[in-house]
Amino acid sequence: SKTIQSLDSEYVELTKEGNEVKVVSGNSVFRMMSMPTDDFPKFPDMEQSYRVEMDKAYLQNAIKIVTPFSANDDLRPIFSGISLIFDKENVTFYASDSHVLMKVVYPAVSTEAFEVCVNKNVGKIMSYFDDEKVEVLVGDKFFGVRGDTVNYFSRRIEGVIPKFDTVWPQKNDTCEVKAMSNALMKDVNLASIYANKQSNLLKITFKNDEALIESQDTDFSTSSTVRHKCKVEGEITVGLNSQKLVSILSTLKEYPITMYMKDNRTAVVFKTIVAEGILMPMMYE
């Protein structure tokens with residue numbers, strides 16, 4: 001590929017001579033060793049697979065939102081990918097690193113209900129699809145995305161997908177907070193400068209239409225307090241991991257966000273018009 005990119009001529013001629021490939025372009029001639037074609041993996045037969053049609057933009061956006069929250073744990077491979085749960089009208093995308101669980105739901109047309117966990121690197125290939133709609137193919141061993149000119153296949157991640165919906169806190173909250181993700185992210189970043197580098201703990205008090213964000217370094221020599229104006233119904237103090245919180249707000253920075261909290265021991269629920277997630281709290285005393 002580097003050779004082809006460096007050529008100035010409009011036309012390139014490639015020929016195979018024995019174990020060599022000859023590349024001729026203008027006055028330049030290149031020779032390079034070839035590899036056995038039998039070593040190249042065969043594309044899977046997906047004719048007996050589940051088939052789902054959905055908008056490429058939905059697939060791209062969902063993968064972009066959930067991918068930052070998939071784990072890097074080889075001992076639990078089912079958490080290292082993205083889980084897709086299809087019903088006949090929608091597909092739900094999940095990713096979790098055990099601290100954050102993110103969920104996105106988009107419409108998709110499927111004749112069957114099924115579940116699959118796929119490699120999170122699928123997001124890297126989606127930019128090469130020019131089609132408005134793509135076809136998702138799911139076989140026994142492989143997951144694929146097919147467009148008019150580009151086909152992508154990846155081996156499925158084996159394992160039983162957890163029942164993610166069962167971990168969502170019940171809707172008996174004592175505090176509701178509404179804010180702009182981007183603005184809140186800036187103040188959380190500012191407060192987290194002096195947070196403990198091991199725990200990344202922030203102590204946040206929501207009351208009187210304000211978030212009081214506090215941090216303190218390990219030896220208590222430095223600390224910070226940042227006040228963020230937002231709409232608050234109720235009153236609560238919670239401890240949250242600054243890195244995880246910034247990651248959530250950064251991913252959802254284009255949208256207004258609503259947070260629901262029951263107490264300082266129950267997961268915080270985040271909601272926007274496109275995604276929903278939960279963040280586990282930390283002890284702050």
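Taking OG from S34 and CG from N19, the interatomic distance works out to 5.0 Å, rounded to the nearest 0.5 Å. Annotation: the span from Q60 atom CD to I65 atom CD1 amounts to 12.0 Å, rounded to 0.5 Å. Atom CD1 of I204 sits about 13.0 Å away from atom CG of N264, to the nearest 0.5 Å. Taking CD1 of I257 as the start and CD1 of I248 as the end, the distance is 7.0 Å to the nearest 0.5 Å.
A 4.5 Å side-chain heavy-atom check between V52 and V109 finds every atom pair outside the cut-off. Between K203 and T237, the closest side-chain pair of non-hydrogen atoms falls below 4.5 Å.
Here the closest non-hydrogen pair linking T92 and Y94 is CG2-CE1, 3.3 Å. Nearest heavy atoms, I236 versus M261: CD1-CB, 3.7 Å. Across C230 and K178, no two heavy atoms sit closer than the pair CB-O, 3.3 Å.
A salt bridge links K141 with E158; the closest basic N to acidic carboxylate O contact falls under 4.0 Å. Between K244 and D97, at least one side-chain nitrogen of the basic residue sits less than 4.0 Å from a carboxylate oxygen of the acidic one, meeting the salt-bridge criterion. Ionic pairing of R31 and E17 is present here: one or more N-O contacts between side-chain nitrogen and carboxylate oxygen are shorter than 4.0 angstrom.
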Taking it one step at a time, do R51 and E135 satisfy salt bridge (Lys or Arg N to Asp or Glu O under 4.0 Å)? CA-CA 7 Å; R51 297 171 184 271; E135 188 178 30; 3.5 Å; yes

Taking it one step at a time, do R146 and L137 satisfy side chain to side chain contact (heavy atoms under 4.5 Å, CB included)? CA-CA 7 Å; R146 184 158 65 186; L137 307 172; 3.8 Å; yes

Could you walk me through whether Y255 and N182 pass the side-chain hydrogen bond (donor to acceptor under 3.5 Å, both in side chains) test, one step at a time? CA-CA 8 Å; Y255 307 101; N182 200 28; over 6 Å; no

Could you give me the CA-CA distance, side-chain angles and deciding distance for D55 and K133, then say whether salt bridge (Lys or Arg N to Asp or Glu O under 4.0 Å) is met? CA-CA 4 Å; D55 288 344; K133 290 187 178 294; 2.6 Å; yes

Could you go step by step and tell me if N72 and K120 meet the side-chain hydrogen bond (donor to acceptor under 3.5 Å, both in side chains) rule? CA-CA 10 Å; N72 295 311; K120 59 186 173 185; 2.6 Å; yes

What do the steps show when you test S215 against S192 for side-chain hydrogen bond (donor to acceptor under 3.5 Å, both in side chains), and what is the final call? CA-CA 6 Å; S215 66; S192 64; over 6 Å; no

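A donor-acceptor contact shorter than 3.5 Å links the side chain of T67 to the backbone of I63. Between the side chain of S181 and the main chain of L252, a donor-acceptor pair closer than 3.5 Å is present.
Below 30°, between 30° and 60°, or above 60°: for Y106 and Y58 the angle between ring planes is below 30°, a parallel geometry.
Within the structure, every pair that satisfies the ring pair (Phe, Tyr, Trp, His ring centres under 6.0 Å) test and touches residues 6-49, not counting sequence neighbours, is listed here: F43-F153.
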